[in-house]
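Accompanying notes for the structure given below.
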Amino acid sequence: MGNIKGKAFLLNENVDTDQILPGYAMSYPVEELKKVALCGSIIPDFANLVKSGDIIIADDNFGCGSSREQAPVALKSAGVGAVIAKSFGRIFRKNAINIGLPVVVCEYIDKIKSESKEDDEFDVDLVNSTITNLRTQNKYVLNSLSETTLETLQAGGLINKVRNKLVERGAL
Amino acid sequence: MNIIEKIIAKKSNKEVVKVGEELSVKVDLVIAHDVTGPIAVEQFNKIGVKEVYDKEKVVFVLDHNIPCSSVDSRIQHRAIHEFCNEYGSKIYGRAEGVIHQIVHEENLYKKGDIIVGADSHTCTAGAYGVVAIPVGSTEMAAVMALGEIDLEVPETYLINIDGELSPGVYAKDIILYVIGKFGTNGFIDKAVIFSGSTILGLKNDEKMTIANMMIEMGAMIGYIDQGEEEIGQVKETYCINASDLVPVAACPSSPGNVKPISEIKGQKINQAVIGSCTNGRYSDMKVAAEVLKGKKVDKGVNMIIVPASKKILDRMEEEGLTKIFRESGAIVTNPGCGPCFGAHQGLLAKEDVAISTTNRNFPGRMGHKEAKIYLASPRTVAESAVMGYITSPGTVIPLEG
Ligand code: SF4
């Protein structure tokens, strides 16, 4: 897994799945989901602003609420390279990992935020569990990913991992 | 081991399991609906297996957009119908009701089972002593192929509620109070058990209301003590006295922003909703009908009644409830999710204020993101609908007891 480099979008706590992807959009064709990514949040025009590799930095409980996988799909297809937060809603976190979008817990969000300026770029290193502000060169530690999570991300998502399992069992 | 750990151990063929341990667990039932099912189906096809692990154990319920609210939603329904035709899994596609209610009515909740559901409120199953794991579509596809799910054994917390509830205080007030106390991130990745004399004395409908909203505290597993065996060791126990509880509402825009009705009464409303997997059952309808009988919904309020199932609607018709609602000026819709998740059947504009028996009031949950939603019990919602503003139970008709 290579590093992820991009501009950071800062969000607060409790960004729920309705803010990430509204209920009515759960019926949208997959390729349309990115157009409404985060449209219910404090950055309603996120879809127009985000560039490939950009990073979301948020507080507690990012992605709380619904099980809609369309939420992480919207972020990933809009270009988001990783989401770093103090904590995540469980189903969102799992969904993101399952589709290959890295989401990582970090205890230093307040510090990262207070030491950054608008439009700062960051570098996320998943293998060594760090995030670096490229302007200040300040480096912050991320919580390490569990082995299962790393496996899933390395396989490129859960579907590939399941395929490997079935091949091993001779069922595919 | 506690009761939840025992179930996990049994389903993973282990003598003992420990907190934090990662296991593959056998799954007894997999469920999804019309807005999570289609991606699950697509991902399942990518896996390339020829069959689902057990077609009797895979169930789809079309409840979110029924009848279809858009061309896109019709495409989703068609995808699920096609999948069920091909793989033989069960489908409820004729507005039979909300997924969690249907699973109950079809007697698919079996104590000690593990259910995986592509819906966050799969935790409703906890009311029946089922360990329910909510997942997204890709994980559901994996479970349909493998018949098992990987999970880590969570820490378990116990919430004991003892004593008698005051008149006007309902199961909805209990769970809202608890969410308010612990916050929407109170139990992320944890298992939570509700017990105590108050909980054990509740009817199944009421237990479902409580189990349903455990996800609103971030819980991985929500479970109601069935009162039949020792709960066993838990990480921590919290005790709540039922007689301290009062009617409450979750205020805009978080299920954790809970205040007593006495603090917010007088707030004008434009919409009142009774329904959903939280409070759309017959007993909820009965409470609302007693308030609305012979009364009119305030002329500034749209009242929408959404039965959680066809069986409930049938009974409402037999017992004259539908007529009471219609005569009061309310709209009775077909069974399903209704406006609960913001796609159709009663969306709000920017200036609107709603009071609803549903489970989420996030910004945009029921339409415009600046619209305000209060969550409360069916009794509080019905009384507020008559008055045109939020009011305490007992305003329109006297409290019993
Ligand atoms: S009624 Fe609401 S919360 Fe329940 S399953 Fe339907 S959309 Fe989800």
Side-chain angles (χ1 to χ4, degrees), chain A residues 13-19 21-30 32 39-42 44 59-62 64-73 86-100 146-148 151-152 157-163 165-167 169 171-172, chain B residues 22 34-36 38-40 42-44 46-49 64-65 68-76 117-122 134-142 145-146 150 152 183-185 188-189 215-216 218-220 253-254 256 340-344 347 360 362-366 369:
Chain A
E13 59 178 4
N14 296 322
V15 177
D16 59 78
T17 46
D18 282 88
Q19 294 184 48
L21 185 108
Y24 60 84
M26 281 191 279
S27 300
Y28 281 10
V30 173
E32 306 259 315
C39 72
S41 74
I42 54 165
D59 290 338
D60 258 328
N61 215 9
F62 186 87
C64 60
S66 131
S67 67
R68 63 190 70 164
E69 197 162 298
Q70 288 91 332
V73 170
K86 268 191 207 166
S87 67
F88 291 92
R90 176 185 174 82
I91 320 174
F92 175 88
R93 189 186 78 229
K94 290 252 167 188
N95 285 345
I97 301 293
N98 288 344
I99 61 160
S146 79
E147 212 161 291
T148 338
E151 265 173 38
T152 311
L158 183 66
I159 293 301
N160 292 342
K161 198 167 143 185
V162 172
R163 281 185 59 87
K165 238 188 206 181
L166 288 166
V167 168
R169 289 183 192 175
L172 260 192
Chain B
E22 292 214 333
D34 51 333
V35 297
T36 54
I39 298 183
E42 209 182 301
Q43 296 288 60
F44 181 84
K46 278 190 206 154
I47 297 172
V49 274
H64 275 58
N65 293 300
C68 295
S69 57
S70 63
V71 175
D72 287 335
S73 99
R74 179 60 191 155
I75 293 169
Q76 292 185 314
D119 186 85
S120 58
H121 294 102
T122 303
V135 298
S137 303
T138 297
E139 189 118 34
M140 154 132 190
L146 298 169
D150 289 345
E152 72 284 359
T184 53
N185 59 356
I188 292 181
D189 288 332
I215 183 70
E216 266 43 87
M220 167 184 171
S253 290
S254 164
C340 172
F341 72 109
H344 66 158
L347 304 186
R360 288 190 176 137
F362 299 138
R365 177 71 181 183
M366 224 178 250
K369 69 175 181 181

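Below, chains carry the letters A, B, ... as their sequence lines are ordered, and counting in each starts from 1.
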What part of [X] gets within 4.5 angstrom of chain A, counting heavy atoms only: side chain, backbone, both, or neither?
{"X": "B/Ala142", "result": "both"}
{"X": "B/Asn65", "result": "side chain"}
{"X": "B/Val49", "result": "both"}
{"X": "B/Lys46", "result": "both"}

By ring-ring contact (aromatic ring centres under 6.0 Å, His included), which residues pair with B/His64, not counting sequence neighbours?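 Here the qualifying residues are B/His33, B/Phe341.
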Under the ring-ring contact (aromatic ring centres under 6.0 Å, His included) test, which residues partner B/Phe44, sequence neighbours left out?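 For B/Phe44 the ring-ring contact (aromatic ring centres under 6.0 Å, His included) partners, ignoring immediate neighbours, are B/Phe83, B/Tyr87.
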Which bit of [X] comes within less than 4.5 Å of chain B, counting heavy atoms only: side chain, backbone, both or neither?
{"X": "A/Phe88", "answer": "backbone"}
{"X": "A/Ser66", "answer": "both"}
{"X": "A/Ser41", "answer": "backbone"}
{"X": "A/Asn98", "answer": "both"}

In terms of heavy-atom pairs under 4.5 Å with chain B, which of A/Gln70, A/Arg68, A/Glu147 leads?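 Highest number of pairs under 4.5 Å: A/Gln70.
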Atom of [X], atom of [Y] and distance for their closest heavy-atom approach:
{"X": "B/Pro363", "Y": "A/Asp18", "result": "O-CB, 4.0 Å"}
{"X": "B/Glu22", "Y": "A/Ser146", "result": "OE2-OG, 4.3 Å"}
{"X": "A/Val162", "Y": "B/Ala145", "result": "CG1-CB, 4.5 Å"}
{"X": "A/Lys94", "Y": "B/Asp150", "result": "NZ-O, 4.3 Å"}
{"X": "B/Ile215", "Y": "A/Gly65", "result": "CG1-O, 4.3 Å"}
{"X": "A/Leu166", "Y": "B/Ile47", "result": "CD1-CG2, 3.5 Å"}

So does [Y] get a backbone contact from the side chain of [X], meaning a donor-acceptor N/O pair under 3.5 Å?
{"X": "A/Asn95", "Y": "B/Gly136", "value": "yes"}
{"X": "B/Gln76", "Y": "A/Met26", "value": "yes"}
{"X": "B/Gln43", "Y": "A/Ile159", "value": "no"}

I'd like to check [X] versus [Y] (side-chain heavy atoms, cut-off strictly below 4.5 Å). Are they in contact?
{"X": "B/Val35", "Y": "A/Ser27", "result": "yes"}
{"X": "A/Pro44", "Y": "B/Lys369", "result": "yes"}
{"X": "B/Asp189", "Y": "A/Arg93", "result": "yes"}

Contact leader toward chain A among [options], where contacts are heavy-atom pairs under 4.5 Å:
{"options": "B/Ser69, B/Gly117, B/Ala343", "result": "B/Ala343"}
{"options": "B/Thr184, B/Thr36, B/Leu347", "result": "B/Thr184"}
{"options": "B/Ser73, B/Cys68, B/Cys340", "result": "B/Ser73"}
{"options": "B/Ala219, B/Pro38, B/Pro134", "result": "B/Pro134"}
{"options": "B/Ser137, B/Gly183, B/Gly364, B/Gly342", "result": "B/Ser137"}
{"options": "B/Glu139, B/Glu216, B/His121, B/Met366", "result": "B/Glu139"}

Looking at A/Asp16 and B/Arg360, is any side-chain nitrogen of the basic one under 4.0 Å from a carboxylate oxygen of the acidic one?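 Salt bridge: no.
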Reported [atom1]-to-[atom2] distance for the pair [X] and [Y], which is rounded to 0.5 angstrom:
{"X": "A/Lys161", "Y": "B/Leu146", "atom1": "NZ", "atom2": "CG", "value": "10.5 Å"}
{"X": "A/Leu158", "Y": "B/Thr138", "atom1": "CG", "atom2": "OG1", "value": "7.0 Å"}
{"X": "B/Arg365", "Y": "A/Thr17", "atom1": "CZ", "atom2": "OG1", "value": "7.0 Å"}

